[in-house]
Participant: 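The structure that follows is given in the form of structure tokens.
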2 protein chains.
Amino acid sequence: MSDLLERLRGRGWRMTAQRRVVAEVLDGEHVHLTADEVHSRAVDRLPEISRATVYNTLGELVSLGEVLEVATDKRAKRYDPNAHRPHHHLVCARCGAIRDVHPTGDPLADLPDSERFGFTVSDVEVTYRGTCPNCAST
Amino acid sequence: MSDLLERLRGRGWRMTAQRRVVAEVLDGEHVHLTADEVHSRAVDRLPEISRATVYNTLGELVSLGEVLEVATDKRAKRYDPNAHRPHHHLVCARCGAIRDVHPTGDPLADLPDSERFGFTVSDVEVTYRGTCPNCAST
DNA sequence: GCTTGACTTAGACATTGTCTATTGTAAGAT
DNA sequence: ATCTTACAATAGACAATGTCTAAGTCAAGC
């Protein structure tokens, strides 16, 4: 399974039961869990894992560049393990469902110098919003 | 000043001292305040205004479509009064400064049907990230 | 199998946002 | 001008999310 665990081990990350569980919970495509969701799933496998550890571990994974923070919804941050392949997000305004998407084109090229205000621009984040098929039919 | 107040009045919005102050605080270009910042600036002009009123008023302005919520930073929501002219945001990763920007091109057109997962896509939000001139020089 | 420094824990604390019951008031009616 | 009344504002409790600390625990190297 998870290349994630492999990569982390290779980077000298000290492996503990808690960290393994967090990494396992985050495995997969179209995974965008909040910290609390990660925690409750982790508790299923390792009942004594604490909230602080989940937050710490998520923060480390983000620093290591193995997981992305996304702020699609205005409430909790979500964590996206699909960090090695650049992508953007499509969010359902009704139910909050999130899909990873890969638009064509480069939005960076669409920002003229005159609109950069002297900034060095390094990254773009695109969030598409709409209604998912499920919510549309009800 | 503010067409905002004009428009609100025209829409039958009951005008109170508190609402006027909130609307005034939000007036201008490149304004992206958090609810708490709005509150503290409102307090300067109207010391007895309560936090709840600021939150309520901001929520109403958003519902009315006169103000946009933006989630550029992962902490508090920010409120952008520039709702009548579509635009995106450029954020400094160091200091959090925000500018309104107007990229060319249409990101909606860049999302192929095969990447829409059956969603009806209605809106796009683009956030550019980088370093502002101020932070770059220090 | 020790030792040690890094990891984990519980829970207090901080920040941001929401809700409720009560009091106040803008704006139309008289 | 004053009255009435529905809507708005208030204080403060509560909720959700995230951060920090002091003390205990353990993975990994020796």
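Numbered from 1 within each chain, the chains take letters A, B, ... in sequence-line order. Small disclaimer: the values here were computed from a predicted structure and weren't measured.
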Participant: Can you tell me how far P of C:dT16 sits from CZ of A:R75, to the nearest Å?
Facilitator: 16 Å
Participant: Does A:S50 put a side-chain nitrogen or oxygen below 4.0 Å from OP1 or OP2 of C:dT8?
Facilitator: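 Answer no for this pair, as no side-chain N or O of A:S50 is under 4.0 Å from OP1 or OP2.
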Participant: Can you label the angle between the A:H87 ring and the A:H102 ring as parallel, tilted or perpendicular, going by 30° and 60°?
Facilitator: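 If you compare the ring of A:H87 with that of A:H102, the planes turn out tilted.
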Participant: Using the rule that two of Ile, Leu, Val, Met, Phe, Trp, Tyr join whenever any of their side-chain heavy atoms come within less than 4.5 Å, decide whether B:Y55 and B:L68 are in one cluster.
Facilitator: no
Participant: Should B:Y55 be listed as having a side-chain N or O under 4.0 Å from OP1 or OP2 of C:dT18?
Facilitator: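 Checking C:dT18 against B:Y55, no side-chain N or O comes under 4.0 Å of OP1 or OP2.
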Participant: So how far off straight is the helix from C:dG1-D:dC30 to C:dT30-D:dA1, going by the axes through five pairs at either end, to 10°?
Facilitator: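 Taking the rotation axis at each end, their angle is 30°.
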Participant: Just by distance, with hydrogens left out, do B:H30 and B:D80 show a side-chain donor and acceptor under 3.5 Å apart?
Facilitator: no
Participant: Determine whether any donor atom in the side chain of A:R14 lies under 3.5 Å from an acceptor atom in the base of C:dC7, or the reverse, and answer yes or no.
Facilitator: no
Participant: Which atom pair, heavy atoms only, marks the closest approach of A:F119 to B:P133?
Facilitator: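 Scanning both residues, the minimum pair turns out to be CD1-CD, 3.8 Å.
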Participant: Using only side-chain N and O atoms of B:R19, determine if any of them is under 4.0 Å from OP1 or OP2 of D:dA9.
Facilitator: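 Yes, within the criterion.
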Participant: Over all strands shown, is A:A76 touching base, sugar-phosphate only, or nothing at heavy-atom distances under 4.0 angstrom?
Facilitator: sugar-phosphate
Participant: Name the nucleic acid region contacted by B:T16, choosing base, sugar-phosphate or nothing; use a 4.0 angstrom heavy-atom cut-off, strictly under.
Facilitator: sugar-phosphate
Participant: Report the distance from atom OH of B:Y79 to atom CG of B:L58, rounding to the nearest 0.5 Å.
Facilitator: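 With rounding to 0.5 Å, OH (B:Y79) is 5.0 Å from CG (B:L58).
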Participant: Using only side-chain N and O atoms of A:R51, determine if any of them is under 4.0 Å from OP1 or OP2 of C:dA10.
Facilitator: no
Participant: Does A:Q18 have a side-chain nitrogen or oxygen under 4.0 Å from the phosphate oxygens OP1 or OP2 of C:dT9?
Facilitator: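 Yes, such a contact exists.
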Participant: Could you check B:A17 against B:Y79 and say which one's nearest nucleotide on DNA chain C is further toward the 5' end?
Facilitator: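 The residue mapped nearer the 5' terminus is B:Y79.
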